[in-house]
K.L.:
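Structure below; questions to follow.
Since the model is a prediction, treat every value here as computed from it, not as a measurement.
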Amino acid sequence: MTSVRCGPHRKAYPYEMENETQWSRGYGETESVGVVLHGLNMKPESMNDMVELLQNTNAEVLRLAITGHSDSQSSWNFVQRKHWISDVSRGIEEAAKRATTLGVPLHGVGYSMGGQLLVDALQETGIRTDKNILLAPSIALRPVAQSQLHWAKWLGPLPTPSTLSEEYRSNSTIPGSAYGAMSNSQKAIYETKNPQNLNVPTMIILDPDDEWISEDGLRLFMQKFKLTNWAFRLLKRSKEKIAGRWHHLIHDKKSLAEHWDNISLHIKEFLSVRGTMRSG
């Protein structure tokens, strides 16, 4: 099927501020449509390197900003899972319509909680992407992190300090309600009645020494729901290389540092193999 050249940016969302949901066109004739999701308490612009990477594969990209993380919606003291799922579902539905119109594959990319919400929303909507890339998805946490999440969610609107560096973080504090929304999203994922909707080619990129994400937990999740098309790309970094940085941060050029080029190559190769062509 002949690709269709992407026209000017489609102003489905406001463009006045950087950290809003926005579309970006690819650098050539459109070959796919991608949805990109940031992590908990992260500026949406923190995912711009991933957006650019997809653009270099000739993708039109919808970078989402979920409630509490955009410049126009700073308050998130009472956020719930339903708000985030609504945000992500609307974005996926719009991207799926665009992919169908162009007759090209639909791809999802999510970092940390963004990967979790991508999976949750795909189950909620029943939309089937052609390929997904999950960067350290918070679907399965290490026991200590899971325990912290369990207790933090009872704080309600009360804030806790954010440990994320100022250049990445969207807010200086995180309310307990945000942890509650994250916890409820996890619960919904594990209670899915239609796991095969998720069994599309999916690359999980993970540092085995990630402070929060459990590799064993993710493998058990894959086994539980028979996700035979999911596979790991483990990012092994020495203590010397990672000095002063979180193992969990693997979403941009700065956090991946000397590994960026290699990871970019793997992502491009993974996405380059033709997936399902969508038709109207």
K.L.:
Locate the shortest heavy-atom distance separating Glu211 from His247; write the atom from each residue and the value.
P.N.:
OE2-N, 2.8 Å

K.L.:
Can you measure from CE (Met113) to CH2 (Trp212) and round to the nearest 0.5 angstrom?
P.N.:
14.5 Å

K.L.:
Which heavy-atom pair separates Gly126 from Asn197 by the least distance, and what is that distance?
P.N.:
O-OD1, 3.3 Å

K.L.:
Just checking Glu166: does its CD atom have more than 12 heavy atoms from other residues, nucleotides or ligands closer to it than 6.0 angstrom?
P.N.:
no

K.L.:
Could Arg219 and Glu215 be called an ion pair, given the rule that one side-chain N must be under 4.0 Å from one carboxylate O?
P.N.:
yes

K.L.:
Ignoring hydrogens and angles, tell me if any N or O in the side chain of His83 forms a donor-acceptor pair with the backbone of Gln80 under 3.5 Å.
P.N.:
yes

K.L.:
To the nearest 0.5 Å, tell me how far Thr67 OG1 sits from Asp87 CG.
P.N.:
3.5 Å

K.L.:
Check Glu167 against Lys254 and note the closest heavy-atom contact, atom names and distance.
P.N.:
OE2-NZ, 2.8 Å

K.L.:
Taking all non-hydrogen atoms of both residues, which atom of Tyr27 and which atom of Asn56 are closest, and how far apart?
P.N.:
CD1-OD1, 3.1 Å

K.L.:
Compute whether any side-chain donor of one residue and acceptor of the other, for Ser89 and Glu124, lie under 3.5 angstrom apart.
P.N.:
no

K.L.:
So do the side chains of Asn58 and Ser32 get within less than 4.5 Å of each other, counting heavy atoms only?
P.N.:
no

K.L.:
Nearest 0.5 Å, please: how far is CG in Asn171 from CG in Leu40?
P.N.:
9.5 Å

K.L.:
Any side-chain heavy atom of Ile127 within less than 4.5 Å of one from Leu106?
P.N.:
yes

K.L.:
Does either side chain, that of Asp252 or that of Ser255, offer a donor lying less than 3.5 Å from an acceptor on the other one?
P.N.:
yes

K.L.:
Considering all heavy atoms of both residues, which atom of Met47 and which atom of Val36 are nearest to each other, and what is their separation?
P.N.:
CB-CG1, 3.7 Å

K.L.:
With side chains defined as the heavy atoms from C-beta onward, is the minimum distance between Thr57 and His107 less than 4.5 Å?
P.N.:
no

K.L.:
So how far is it from His248 NE2 to Arg142 CZ, rounded to the nearest 0.5 Å?
P.N.:
11.5 Å

K.L.:
Within the structure provided, determine whether Leu164 and Trp246 are in side-chain contact (heavy-atom separation under 4.5 Å).
P.N.:
no

K.L.:
Decide yes or no on side-chain contact (heavy atoms from CB on, under 4.5 Å) for Gln123 and Ile189, but give the supporting numbers first.
P.N.:
CA-CA 8 Å; Gln123 291 179 171; Ile189 288 173; 4.2 Å; yes

K.L.:
For Ser46 and His251, what are the C-alpha separation, side-chain angles and deciding distance, and is it a side chain to side chain donor-acceptor pair (under 3.5 Å)?
P.N.:
CA-CA 8 Å; Ser46 298; His251 66 285; 4.7 Å; no

K.L.:
Rounded to the nearest 0.5 Å, what separation is found between the NZ atom of Lys153 and the CG atom of Asn184?
P.N.:
6.5 Å

K.L.:
Can you see which heavy atom on Ala99 is nearest to which on Pro105, and at what distance?
P.N.:
CB-O, 4.2 Å

K.L.:
Going by atom types only, do Thr228 and Asn199 share a side-chain donor-acceptor pair under 3.5 Å?
P.N.:
yes

K.L.:
How many angstroms lie between CD1 in Ile250 and CD1 in Ile205, if you round to the nearest 0.5 Å?
P.N.:
6.5 Å

K.L.:
Taking the side chain as every heavy atom from C-beta outward, state whether Ser177 and Trp76 have any pair of such atoms under 4.5 Å apart.
P.N.:
no

K.L.:
Taking C-beta and beyond as the side chain, do Leu134 and Trp230 meet within less than 4.5 Å on heavy atoms?
P.N.:
yes

